[in-house]
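Heads up: the structure comes next, in structure tokens.
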Amino acid sequence: MVSLSSSRYGKDNIRLLKVERDPSNPRLQYVYEFTICVMLEGDYEAAYLQADNGPIVTTDSMKNTTHILAKKNPVSPPELFASILGAHFVDTYDHIHKSFIHIIQHRWTRYAVDGAPHEHSFIRDGAEVRVVDAEVHEDGKIFLSGGISDLLVLKSTGSAFYGYIQDKYTTLPETRDRIMSTSVDATWKYDVFNGVDAVRASVSSLEKGYKSARDITLKIFATDESASVQATLYRMAKQIIDDNSLVNQVSYALPNKHYFDIDLSWFEGLKNTGADAEVYAPQSNPNGLITATISRGD
Ligand SMILES: O=c1[nH]c(=O)c2[nH]c(=O)[nH]c2[nH]1
């Protein structure tokens with residue numbers, strides 16, 4: 001005896017790029033490139049249990065729907081587009097009860113030519129992406145989260161690490177000045193929205209959520225006299241919650257990308273450790289991984 005405990009299905013890696021043209025100057029353009037995953041949950045058990053395809057909304061149709069709704073709606077901010085897309089499936093099909101939309105927005109940053117921002121030319125400045133998740137229920141509730149992934153940062157001073165457990169397993173030297181580097185993975189959750197119109201009414205807060213989370217991450221990374229990745233992470237998350245009334249939870253996953261001093265004293269007594277360190281050895285593995293979720297209230 002077995003039973004179907006849970007199931008979800010959909011289309012992953014739907015790719016699209018949308019060009020939006022300024023109404024007063026069609027050469028002034030904005031581009032949005034997304035990779036999207038659409039997943040649905042509902043009453044389609046017969047497809048699994050009886051090989052009955054009757055209740056299946058095809059994953060190919062999900063891809064088509066994504067393209068059509070991107071044509072008919074604004075795609076920015078991605079939180080709004082994810083809500084529109086997710087609501088479409090639960091509103092259109094009675095037997096679909098929940099949809100899960102995951103959007104990765106790839107960075108195309110307008111660049112300057114002869115000192116002036118160019119109207120329609122963009123540069124991919126790094127691997128960093130903006131991420132959005134929308135969980136849309138048929139009763140209209142929309143659970144949104146925004147995020148940043150693969151934002152690679154490094155500071156060459158302003159980070160210390162000492163005072164930790166010293167026991168027979170410890171070899172790590174304490175340091176008052178080290179390189180700190182991480183690839184930021186941050187996620188922030190919003191209060192639940194009641195319907196797409198409520199999301200639409202909060203577009204400016206969603207845009208501000210993304211901009212302020214990114215700015216705060218970069219600013220606190222740079223300015224905090226860091227005692228540890230843990231302490232710096234907490235300050236970032238707290239500031240994001242303090243500055244965004246609709247955000248109720250922030251999570252970070254911060255790999256600690258180590259750069260170790262290289263002892264060169266064997267060569268003519270060269271001093272290259274501690275305060276004398278200038279040439280470091282980047283470590284690819286293993287790496288620390290510091291994670292936490294910080295919530296509003298208790
Ligand atoms: O900021 C840090 N936190 C740690 O928990 C840790 N552990 C370690 O070896 N180096 C570091 N750095």
Side-chain angles (χ1 to χ4, degrees), residues 107 125-131 133 145-189 209-244 247-267 270-298:
R107 269 175 93 73
D125 57 346
E128 177 195 352
V129 290
R130 177 173 178 175
V131 179
D133 277 281
S145 68
I148 297 167
S149 273
D150 298 327
L151 169 59
L152 187 57
V153 286
L154 179 148
K155 63 196 269 189
S156 49
T157 190
S159 167
F161 190 58
Y162 54 86
Y164 44 82
I165 293 170
Q166 297 283 351
D167 62 14
K168 63 184 179 182
Y169 300 103
T170 310
T171 57
L172 185 74
E174 294 194 330
T175 176
R176 310 276 155 165
D177 186 10
R178 65 174 181 174
I179 289 179
M180 187 175 181
S181 176
T182 189
S183 175
V184 176
D185 191 327
T187 308
W188 48 96
K189 285 190 178 171
Y210 167 71
K211 277 180 70 41
S212 86
R214 189 171 187 275
D215 290 350
I216 287 166
T217 299
L218 292 173
K219 182 169 180 182
I220 294 188
F221 180 81
T223 57
D224 186 36
E225 284 300 321
S226 175
S228 65
V229 177
Q230 287 89 332
T232 302
L233 179 162
Y234 183 77
R235 289 185 177 176
M236 293 171 175
K238 179 179 181 310
Q239 189 72 50
I240 293 171
I241 290 178
D242 286 348
D243 286 9
N244 292 277
V247 171
N248 56 42
Q249 196 171 78
V250 177
S251 301
Y252 276 97
L254 300 179
N256 193 0
K257 296 185 162 285
H258 307 295
Y259 289 76
F260 290 162
D261 295 6
I262 305 171
D263 184 352
L264 296 175
S265 59
W266 58 271
F267 185 84
L270 269 182
K271 292 195 168 101
N272 189 57
T273 57
D276 297 312
E278 289 176 297
V279 178
Y280 296 82
Q283 306 294 302
S284 46
N285 57 55
N287 62 272
L289 179 60
I290 314 300
T291 74
T293 296
I294 288 85
S295 303
R296 188 181 295 284
D298 298 329

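Start at 1 and go down the list; that is how both ligands and their atoms are numbered. Quantities reported herein were computed from a predicted structural model and do not represent experimental measurements.
For Ser251, the side-chain hydrogen bond (donor to acceptor under 3.5 Å, both in side chains) partners are Thr293, not counting sequence neighbours.
Summarising the geometry, atom CG belonging to Asp150 is positioned 12.0 Å from atom CZ belonging to Arg107; distances are rounded to the nearest 0.5 Å.
Sequence neighbours left out, the pairs with a member in residues 219-238 that pass salt bridge (Lys or Arg N to Asp or Glu O under 4.0 Å) are Asp224-Arg235, Lys238-Asp242. Among residues at least two apart or in separate chains, ring pair (Phe, Tyr, Trp, His ring centres under 6.0 Å) pairs with a member in residues 145-168 are Phe161-Tyr164.
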Report each N/O pair between ligand 1 and the protein that falls under 3.5 Å, naming both atoms.
| unit_1 | atom_1 | unit_2 | atom_2 | d |
| --- | --- | --- | --- | --- |
| ligand 1 | 1 (O) | Arg178 | NH2 | 2.9 |
| ligand 1 | 1 (O) | Val229 | N | 2.8 |
| ligand 1 | 3 (N) | Gln230 | OE1 | 2.9 |
| ligand 1 | 5 (O) | Gln230 | NE2 | 2.9 |
| ligand 1 | 12 (N) | Arg178 | NH1 | 3.1 |
| ligand 1 | 12 (N) | Asn256 | ND2 | 3.2 |

Audit row: Thr232, Ser226, side-chain hydrogen bond (donor to acceptor under 3.5 Å, both in side chains) steps and yes/no
CA-CA 6 Å; Thr232 302; Ser226 175; 2.8 Å; yes
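Ser181 and Val153 get closest at one heavy-atom pair: OG-O, 2.9 Å.
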